[in-house]
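See structure below.
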Amino acid sequence: MPSFKNIVAAAAAIAAVNAVPTTPPTPLIPPQDVPVNQFTNDAANGAPFLNNLAQQAGKLWFGTAADIPGPEQQDLEYMTILNDTRIFGAITPANYMKWQYTEPQRNNFSYTGGDVVINIAEDHGKYVRCHNLCWDNQNPEWLTTLVANGVSNKTMISILQNHITNLIEHWGGRCYSWDVVNEALNGTGGWDAANPFYQVIGPAFFPIAFEAAEKAVKKTKADIKLYYNDYGIEAGGPRAAGAVNAIRSLKQAGIQVDGVGFESHFEVGGTPSTAALVQQMNAFIALDVDIVMTELDIRFVNASAANAGGYAQQATDYYSAVSACMQVDRCIAMTVWDFDDKYSYVFDVPSLNSSANMIVLVGSHLHSPARASLTCTLPTSPATPLTRLWPTRSTTSPAASLARVPSTLSLKWK
Ligand code: G3I
């Protein structure tokens, strides 16, 4: 299995970086079916895929989130696509490194869920973005009860430091990076009042979290990158300004912060322009940090808009978003927030949970132009048939699916 270093070296060794067009191809590549036996065909003829293309363009990966352990592990096609490092060069665990799963009881840690993702990633030579260490959501009941009962500042600081230290030291260099603090701001650029660490510790929770992370990273002696990850900071506005200030304050205090995660949960027709995204990336990069598009997806707000015109708009929006990362050297990688509608987070988030919300990457909308647009954005040879760049779900029977799984497929996740 290639190590992280080998992957980076291989990516760096690829000489030619094709020019990235600044506008979507017109007309967009018409949606087409994918041959049922494409997995084996592609394995045989070495057709390029998303992650291959991203790495050839000098990015570290094109990756995905995955909410596993879960039913996805019984879904052969999902796992085949997830495992294929030509398609996805990194995984972010969508849930199982969060507090409620990793410290379900105080100072009693569980690594089971996170290990599943890390093992799959290591089996297939992928990076892991470890997510996350401090958030206002998915915290264990014991923690929220302590806060409700007026836990002291001192105790809360020590709980936060203990959690961060434990997780970073446990997984060490198996994590490429950690989202140390997640979504800590509100829409006006101030601190999120719902964050329990802010509620008890005040604004100091932010440098305290990063300081603890830095200390733990040093102890591991591994090169683990530390990120602030957020949505609504991708294209200007008060929240972005608040994030810039927060990163600047860490830098001025000499505390390690290596990158900013642009979550990039966008809406069809409401996606920021490439220029706006590039401008905001550069505002952070001026503070000497990297950018990763960490949770890219572009959903329909109204189901009725999911027609030919809507898909064309969605394709244009994916193109705008990915183009921004392609145009900025220090936007080092891109990750989509899962790749199959069937397992989309929108059904987990009450405020988004309606039939009017759809993410279209693969799954039931396998013929969407979004996939073609994503692949068009990444440099490729014009001779390459775009339909082969991203395998899609078929409606074949389980037996037929099994027949087309490469014999080298690892079943270690089971
Ligand atoms: O824990 C229960 C589990 O016991 C049960 O079996 C399962 C069955 O439905 O539900 C489980 O909890 C759900 C959890 O996802 C795991 O699947 C929660 O109800 C659900 O609320 C939770 O949603 C997650 C959401 O964060 C929570 O806010 C999504 O899967 C996850 O994709 C999403 O991820 C966030 C990022 O961490 C931060 N940025 C935004 C992004 C999307 O909202």
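Both ligands and their constituent atoms are indexed starting at 1 by order of listing.
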Parallel, tilted or perpendicular: ring planes of Phe109 versus Tyr111, cut at 30 and 60 degrees: parallel
Ligand 1 contacted by Tyr231 (non-hydrogen, < 4.0 Å): no
Do the charged groups of Asp317 and Arg299 touch, with an N to O distance under 4.0 Å? no
Counting heavy atoms only, name the option from Asn95, Ile68, Asp136, Asp179 that's nearest to atom 15 (O) of ligand 1. Asn95
Near Asn182, which atoms of ligand 1 are under 4.0 Å from a heavy atom of that residue? 38 (C)
I'd like to know whether Thr274 forms a side chain to side chain contact (heavy atoms under 4.5 Å, CB included) with Gln327, so could you lay out the CA-CA distance, the side-chain angles of the two residues, the decisive distance to 0.1 Å, and finally the verdict. CA-CA 9 Å; Thr274 302; Gln327 286 178 23; 3.7 Å; yes
Would you kindly specify which portion of Asn229 sits under 4.0 Å from ligand 1, judged on non-hydrogen atoms: side chain, backbone, both or neither? neither
Check for me whether the distance between the ring centres of Tyr198 and Phe206 falls short of 6.0 Å. no
Does this structure show an ion pair linking Arg239 with Asp230, if we count only N-O contacts that are shorter than 4.0 Å? yes
Consider every N or O of Tyr101 and every N or O of ligand 1, then say whether any pair is closer than 3.5 Å. yes
Relative to the heavy atoms of His265, which atoms of ligand 1 are at a distance of less than 4.0 Å? 40 (C), 41 (C)
Aromatic ring pairing Phe262/Phe284, orientation class (parallel under 30°, perpendicular over 60°, tilted between): perpendicular
Within-cut-off N or O pair, Trp135 and ligand 1, under 3.5 Å: no
Closer than 4.0 Å to some heavy atom of Glu263 - which atoms of ligand 1 meet that? 39 (N), 40 (C)
Min N/O separation Lys98 to ligand 1 under 3.5 Å: yes
Would you compute the distance between atom CD of Glu214 and atom CG of Leu250 and round it to the nearest 0.5 angstrom? 9.5 Å
Out of all atoms in ligand 1, which are within 4.0 Å of some heavy atom of Asn137? Include the element for each. 27 (C), 28 (O)
